[in-house]
Each structure stands twice: as C-alpha cells, then as structure tokens.
Amino acid sequence: PAQKPFVMLVSLLVGPSSNKEFLVEISGTTVTITCPLTESNINWNIAGTKVDSNERKYVIENHNSSPINVSCSSSNKKYDMYLNARVCANCEELDALAVTGIITADLLITLGVLILVYYFSKDRKGKASASAGSRPRGQKMQRPPPVPNPDYEPIRKGQREVYAGLKSRGF
C-alpha cells in the first residue's frame, strides 16, 4: 500500500544562539534527514562513521530503529542530532479524525448489540413463563431436614415418663 511520509521535525540546540532544525522524514523503513546548513559541501557523520555524501539530504534505507548520533558539518559550522526514530515496514498513519471515528463507530456497534441482547432476552423470559407445558423453573428442591441433635430429641410415644418430672415454666 502507498504510504504517506510521516514528517517529524527534530530540533537540537547547538549553542546558545542557534535554533536551526534538522528535518526528518519517515516513510516505512526509510529515514530522510535534511541538514539545516545551506552550503553545498556538507560532510555527514552517522554513528561515528564519515559518509561519502555531500548533499543536504541524507537517506537511510532499511533503518532498524536503533538510536544513532547524526551530525552534518560544513567549513566551520557543525550540527549534531540524536536520532531515535521508530520505523516499521507495514505501518499506516492515522490522523485524529480517523481514530475518533473508529472509536465512535465501535461504541455505537457495542451499544446496538447490548440493546438487541436486552430485548431478545426480555422476550424469551416472557415466552418461557407463558407456555403451558413447561415446568416452573423458579422452584428449588426442598432441603432435607437437619440432622437431629441428641441433646434436643423430640418426645416420642413411650418416652413421656422420662420428661414427666419436668414442669413447664410460665413466662
């Protein structure tokens, strides 16, 4: 797919009165650096190595996203830059409007699905209770009686004489 070049301005102050900027363009894995010097004979130094390019622009093909020091110089002026550019082969640039549209569409679709699930589950619940042949779902099985405690056994027939001596208290 055709990619729009991502243009990023990187500025580095090289002295108290200097405010010149390198121009860095990133497209895929290609990084193009433009030196702020306007002279014709420019010497490039990339990661400590002199490069045989005298042009104002220097192109790095298949950059591996590792940070490097870049400098360009001519006669008595020199500009340095620390380049920490993250590149990728299959990247697409999205502007703020596209990201906002994607998020809004996602929220609307999610809201629509929630409303559909709500109405379908509401109708299903009403139909299940109205059908004549279905057994009621809401009833639970009865709990078994609790395990009897030997200290509180019920009075059985034939054992009344054990408890006959006890008198009831009136409250």
Side-chain angles (χ1 to χ4, degrees), residues 1-140:
Q3 296 179 350
K4 297 178 184 176
F6 176 66
V7 179
M8 173 178 57
L9 292 177
V10 179
S11 68
L12 180 68
L13 299 176
V14 185
S17 63
S18 174
N19 61 358
K20 300 263 184 168
E21 297 176 342
F22 280 91
L23 177 66
V24 179
E25 300 175 49
I26 301 172
S27 177
T29 59
T30 303
V31 178
T32 305
I33 306 167
T34 304
C35 184
L37 294 171
T38 57
E39 287 84 9
S40 60
N41 190 12
I42 296 175
N43 299 318
W44 287 93
N45 191 341
I46 308 295
T49 307
K50 275 199 161 191
V51 180
D52 296 333
S53 175
N54 292 332
E55 296 181 17
R56 210 172 151 220
K57 288 188 177 188
Y58 180 73
V59 178
I60 303 172
E61 295 284 340
N62 298 320
H63 182 57
N64 60 2
S65 296
S66 61
I68 55 173
N69 289 316
V70 178
S71 66
C72 62
S73 60
S74 176
S75 63
N76 59 356
K77 292 182 182 178
K78 181 177 181 182
Y79 291 96
D80 294 307
M81 174 180 68
Y82 178 75
L83 179 67
N84 190 6
R86 306 268 308 166
V87 298
C88 61
N90 299 322
C91 295
E92 285 292 330
E93 182 183 354
L94 293 176
D95 58 344
L97 185 62
V99 172
T100 304
I102 290 170
I103 292 172
T104 303
D106 182 38
L107 290 175
L108 290 174
I109 290 170
T110 304
L111 185 64
V113 168
L114 286 174
I115 291 171
L116 286 173
V117 167
Y118 173 76
Y119 280 116
F120 281 123
S121 67
K122 186 175 164 185
D123 289 345
R124 174 177 281 178
K125 193 184 301 180
K127 289 179 184 176
S129 64
S131 61
S134 68
R135 52 174 234 224
R137 292 183 172 184
Q139 294 180 352
K140 294 182 179 178

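Nothing here was measured: the structure is a model prediction, and the numbers come from that model. Hydrogens, waters and symmetry mates are skipped; everything else that's a heavy atom, side chains included, is used.
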What is the distance from atom [atom1] of [X] to atom [atom2] of [Y], rounded to the nearest 0.5 Å?
{"X": "Ile60", "Y": "Ile33", "atom1": "CD1", "atom2": "CD1", "value": "4.0 Å"}
{"X": "Thr110", "Y": "Ile115", "atom1": "OG1", "atom2": "CD1", "value": "11.0 Å"}
{"X": "Lys57", "Y": "Thr34", "atom1": "NZ", "atom2": "OG1", "value": "4.5 Å"}
{"X": "Ile102", "Y": "Leu97", "atom1": "CD1", "atom2": "CG", "value": "10.0 Å"}
{"X": "Thr104", "Y": "Ile109", "atom1": "OG1", "atom2": "CD1", "value": "11.0 Å"}
{"X": "Ile26", "Y": "Leu83", "atom1": "CD1", "atom2": "CG", "value": "7.0 Å"}

Next on the checklist: Donor-acceptor pair, distance only, cut-off 3.5 Å: does the side chain of Arg86 make one with the backbone of Ser65?
Outcome noted: no
Next on the checklist: Can you pull out every ring-ring contact (aromatic ring centres under 6.0 Å, His included) where at least one residue sits in residues 28-49? Sequence neighbours excluded, please.
Outcome noted: Trp44-Tyr58
Checklist entry - So, do Phe22 and Pro36 sit near enough that their side-chain heavy atoms are less than 4.5 Å apart? => result yes
Checklist entry - Should Met81 and Val24 count as side-chain neighbours, where that means a heavy-atom distance under 4.5 Å? => result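 Of all side-chain heavy-atom pairs linking Val24 with Met81, at least one is under 4.5 Å.
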Checklist entry - Of all residues at least two apart in sequence or in a different chain, which pass the side-chain contact (heavy atoms from CB on, under 4.5 Å) check with Thr30? => result Thr32, Val59, Glu61
Checklist outcome for this item: Contacts of Asn41 meeting side-chain contact (heavy atoms from CB on, under 4.5 Å) (sequence neighbours excluded), chain-then-number -> Asn43, Asn54
[X] to [Y] - nearest heavy-atom pair and separation:
{"X": "Asn45", "Y": "Lys50", "result": "OD1-N, 4.0 Å"}
{"X": "Asp80", "Y": "Ser71", "result": "OD1-CB, 2.8 Å"}
{"X": "Ile42", "Y": "Cys72", "result": "CG2-CB, 3.8 Å"}

